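A short worksheet on the structure shown next.
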Amino acid sequence: MPELPEVETIRKTLKRFIIGKEIEEVEVFWPRIIQFPEIEMFKMNLLGQSFTDISRRGKFLIFHLDEYDLVSHLRMEGKYSVYPKDEPKDKHTHVTFTFTNGEQLRYNDVRKFGTMHLFKKGTYEAKKPIVQLAPDPFEEDFTLDYFMGKLERTTRVIKNVLLDQTVVAGLGNIYVDETLFKAGIHPEKRSHTLTKEEIKRIKKYAKETLSEAVKQGGTTIRSYVASDGEIGMFQQELFVYGQEGEPCPTCGDEIIKIRVSNRGTHLCPSCQKENRE
DNA sequence: TTGGGTGTTGAGTA
DNA sequence: ATACTCAACACCCA
């Protein structure tokens, strides 16, 4: 499900529901989701803790509590929402945090791929999975020099490099395709062959695409909803993702779908040529 | 009915 | 270093 814009939307909406709420019980129905520490310690550490804030790094949500930080990745279908605790749970609710006020924060994940790590406050940045995460396009240290340095040193195809969260955080399959379309670059172009101007365009359009999508509350293709139940609206502004067979908004040629490293990849064959002079 | 595809990522293997 | 396959899991659709 979520890439940076969806995670950011969830962060903003969920904040309103949980800040200041104190946890009195934690239940885990699918143990794999809890990566660290082991389950009993995870539950025990959270008892009596109150949520103070939610932040985001790339596609990770970071829940800040009094003495701990909870690092959560939604992978394909993870969702959070708050209910009265006696409302019946849906069959895909795998972790619940019950508050002292009778409400309950629920983690719902149809495919059960999501992960949670709980660390002592202030230590998560130095630990996996956050430690190896690159800056996202909104962060100050995502500079042109940094980005060029990364792209020059690899022969991999550009689409794969942009999906690599240790190069740039936050982009997934939708926003990589949109970014490369706007930049006029073929997704299978080798990273080290890109010119400085092309790299500048990728950097600019990655940021622009993500920020427009945040403004629209994310993209809802299938299942994504924010924590208040609202769907995203950015799908109306997609140029290539899911648009195979439609005319390119720039040149009118047909948008095609190919496979790049086994990921569905959408592009305009006229605007994004593999070898351009 | 079945198999291929889905907004993600990590491990294992050459 | 890179590429490829598989795995985690459930659902949808042709």
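FYI, side chains are in, hydrogens and waters are out, and symmetry mates aren't considered; it's all heavy atoms of this structure. These numbers were taken from a predicted model, which means no experiment stands behind them. Numbers restart at 1 for each chain; the letters A, B, ... are given by sequence-line order, proteins then strands.
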Fill in: Among A:Trp30, A:Phe29, A:Phe113, A:Tyr80, ring-ring contact (aromatic ring centres under 6.0 Å, His included) partner for A:Tyr107
A:Tyr80
Discussion item. Under 4.0 Å from OP1 or OP2 of C:dA3: is there any side-chain N or O of A:Arg190 that close?
Written reply: yes
Discussion item. Taking the ring centre of each residue, are A:Tyr241 and A:Tyr175 less than 6.0 Å apart?
Written reply: no
Worksheet item: So does A:Gln165 get a side-chain nitrogen or oxygen closer than 4.0 Å to the phosphate oxygens (OP1/OP2) of B:dT8?
Response: no
Practice prompt. Report the stems of DNA chain B as range-with-range entries sorted by first number; a stem here is at least three consecutive pairs, Watson-Crick or G-U wobble, both distances under 3.5 Å, and write none if there are none.
Written response: B:2-6 with C:10-14, B:8-14 with C:2-8
Fill in: Short side-chain N/O contact to B:dG10 OP1/OP2 from A:Lys128, under 4.0 Å
no
Tell me which donor-acceptor pairs under 3.5 Å the side chains of residues 247-260 of chain A have, and how far apart each pair is, sequence neighbours excluded?
residue	atom	partner	partner atom	Å
A:Asp253	OD2	A:Ser270	OG	2.2
A:Arg259	NH1	A:Asn262	O	2.6

Fill in: Results of side chain to side chain contact (heavy atoms under 4.5 Å, CB included) for A:Pro88 - residues two or more places apart only
none
Response to the item:
In 5'-to-3' order, the base (B), backbone-only (S) or no-contact (-) status of each nucleotide in nucleotides 8-14 of chain C, using a 4.0 angstrom heavy-atom cut-off, is BBBS---
Practice prompt. May I have all residue pairs that pass side-chain hydrogen bond (donor to acceptor under 3.5 Å, both in side chains) and include part of residues 130-142 of chain A, sequence neighbours excluded?
Written response: A:Arg56-A:Asp136
Discussion item. For A:Asn262 and A:Thr155, find the nucleotide of DNA chain C closest to each by heavy atoms; which residue's nucleotide sits nearer the 5' end?
Written reply: A:Thr155
Discussion item. Quick check: on DNA chain B, is the nucleotide nearest A:Arg259 upstream (toward 5') of the one nearest A:His73, or the reverse? Name the residue that is more 5'.
Written reply: A:Arg259
Discussion item. In whole Å, measure the gap between the P atoms of B:dG4 and C:dT5 for me.
Written reply: 14 Å
Practice prompt. Have a look at A:Thr154 and say if it touches a base, only the backbone sugar-phosphate, or nothing, with a 4.0 Å heavy-atom cut-off.
Written response: sugar-phosphate
Please list, one pair per line, the donor and acceptor atoms closer than 3.5 Å that link side chains of residues 62-69 of chain A to other protein atoms, with sequence neighbours excluded.
residue	atom	partner	partner atom	Å
A:His64	ND1	A:Asp69	OD1	2.8
A:His64	NE2	A:Ser55	OG	2.6
A:Asp66	OD2	A:Ser50	N	3.0
A:Glu67	OE1	A:Gln49	NE2	2.7
A:Tyr68	OH	A:Asn45	OD1	3.4
A:Asp69	OD2	A:Gly122	N	2.7

